[in-house]
**Student:** 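Take this structure first; my questions come after.
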Number of protein chains: 2
Amino acid sequence: MESDILQNSGIKPSFHRLKILDFLRSRKNHPTVDEIYSELVKEVPTLSKTTVYNTLKLFQEAGLVRRINVEEQETRFDADTASHGHFKCVQCKKIYDFIVDDAAIVTSDLKGFNIEVKKVYFQGTCPGCLGK
Amino acid sequence: MESDILQNSGIKPSFHRLKILDFLRSRKNHPTVDEIYSELVKEVPTLSKTTVYNTLKLFQEAGLVRRINVEEQETRFDADTASHGHFKCVQCKKIYDFIVDDAAIVTSDLKGFNIEVKKVYFQGTCPGCLGK
DNA sequence: ATATTTGCAAATAATTTGCAGTCGA
DNA sequence: TCGACTGCAAATTATTTGCAAATAT
């Protein structure tokens, strides 16, 4: 359950936090802060954008969500913290997840480095838009 | 020569543009807009930050430089447009380049996709900071 | 002279911060 | 009650834009 996830991360499962976590986990589309806020405020009118920011920061520090920046200046969030890449279609703007073979990326250049986070962002055109 | 590079990209080699390109090519440290401006303004007092923005945008569109966003909200620029990854040390903040075997990353998940840009960002601790 | 480049200052956008009010154990 | 959670509004930061002045060919 969502509240257990928060408990286990040492985060008090308040109503707003549960809503935000729930939203992130149910949506696959890597929403922006604005999208999260705009959608949830319909259901939870007392929600403020500050709380969305606060909460996402909290989640992020706890490792519950990851920030995605396929394109600069546009920050999105992903509740799937397993390692995977993100592809953004330049036409339809949709973001696709794809599996990345982590091990294959590592090169001898980074011998002796302690790698904690790996981000793989691709951009291009998706099959749907290529057909046009 | 720098001015030829610009000519070949269809960009008029103005004084400021040459200075900015030169700066990017000589520095290996992937400067931010602010760093570029602050450094160059010492040498070229008439330079404005708007011009740095304009010029970088121009260069970027011409494919002369690439934007780097290892960490969200911090945009840096790289005059090396060959495919490579960027590692940012969370301790000393330094950015290291490393070779990436592009081919190894592609997965079956992206069959039918036209991949135009590949970005690989790692974060962690560099050997120097690990020793402390 | 004519088009391009440049620079200021204002506008915009995303995010952070300070602080006061509110809520729950 | 007390401390954590929330929300408003103001502050901050990065970037873009409009337009006029400077510059180059």
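Please read all numbers here as calculations on a predicted model, not as lab measurements. In what follows, every chain begins at residue 1, and chains take the letters A, B, ... in the order their sequences are listed.
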**Student:** Quick one: which of C/dT5, D/dT6, D/dT15 gets closest to the side chain of B/Val33?
**Tutor:** D/dT15
**Student:** Any side-chain N or O of B/Thr75 below 4.0 angstrom from OP1/OP2 of D/dT15?
**Tutor:** yes
**Student:** Do A/Asp109 and B/His84 pair up side chain to side chain, a donor and an acceptor below 3.5 Å, judged on atom types alone?
**Tutor:** no
**Student:** Please output the side-chain donor-acceptor pairs of residues 122-132 of chain A that fall under 3.5 Å, not counting sequence neighbours, one pair per line with the distance.
**Tutor:**
residue  : atom : partner  : partner atom : Å
A/Thr125 : OG1  : B/Glu116 : OE2          : 3.3

**Student:** What is the distance, rounded to the nearest whole Å, between atom CG of B/Leu21 and atom C1' of C/dT5?
**Tutor:** 17 Å
**Student:** Of the listed nucleotides (D/dC5, C/dT4, C/dT6), which one gets closest to any side-chain atom of B/Lys12?
**Tutor:** C/dT4
**Student:** Out of D/dA4, C/dT15, C/dT6, which has the shortest distance to the side chain of B/Arg17?
**Tutor:** C/dT6
**Student:** Rounded off to whole Å, could you give me the NE2-to-P distance for the B/His16 and C/dT4 pair?
**Tutor:** 19 Å
**Student:** Got a sec: does the CD1 of A/Ile115 have more than 12 other heavy atoms crowding it under 6.0 Å?
**Tutor:** yes
**Student:** Taking the basic N atoms (NZ, or NE/NH1/NH2) and the acidic carboxylate oxygens, is any pair closer than 4.0 Å for B/Lys119 and A/Glu72?
**Tutor:** yes
**Student:** Below 4.0 angstrom, N of the basic side chain to O of the carboxylate: do A/Arg76 and A/Glu35 qualify?
**Tutor:** yes
**Student:** At a heavy-atom distance below 4.0 Å, what parts of residues 50-62 of chain A sit against DNA chain C?
**Tutor:** A/Thr50, A/Tyr53
**Student:** Could you state the CD-P distance from B/Glu35 to D/dT15, rounded to the nearest angstrom?
**Tutor:** 12 Å
**Student:** Rounded to the nearest 0.5 Å, what separates atom OG1 in B/Thr55 from atom CG in B/Leu47?
**Tutor:** 7.5 Å
**Student:** Rounded to the Å, how far apart are B/Leu47 CG and D/dA22 P?
**Tutor:** 17 Å
**Student:** What is the distance, to the nearest angstrom, from the CZ atom on A/Phe15 to the C1' atom on C/dT22?
**Tutor:** 16 Å
**Student:** How many Å lie between CG on B/Leu6 and C1' on C/dT4, as a whole number?
**Tutor:** 15 Å
**Student:** Would you kindly give the CD-to-P distance between B/Glu71 and C/dT15, to the nearest whole Å?
**Tutor:** 14 Å
**Student:** If the condition is ring-ring contact (aromatic ring centres under 6.0 Å, His included), which residues does A/Tyr96 pass it with, not counting sequence neighbours?
**Tutor:** B/Phe113
**Student:** Heavy-atom nearest nucleotide on DNA chain C for B/Lys49 versus A/Glu74: which residue maps closer to 5'?
**Tutor:** B/Lys49
**Student:** Using atom OH of B/Tyr37 as one end and atom C1' of C/dC8 as the other, report the distance to the nearest whole Å.
**Tutor:** 11 Å
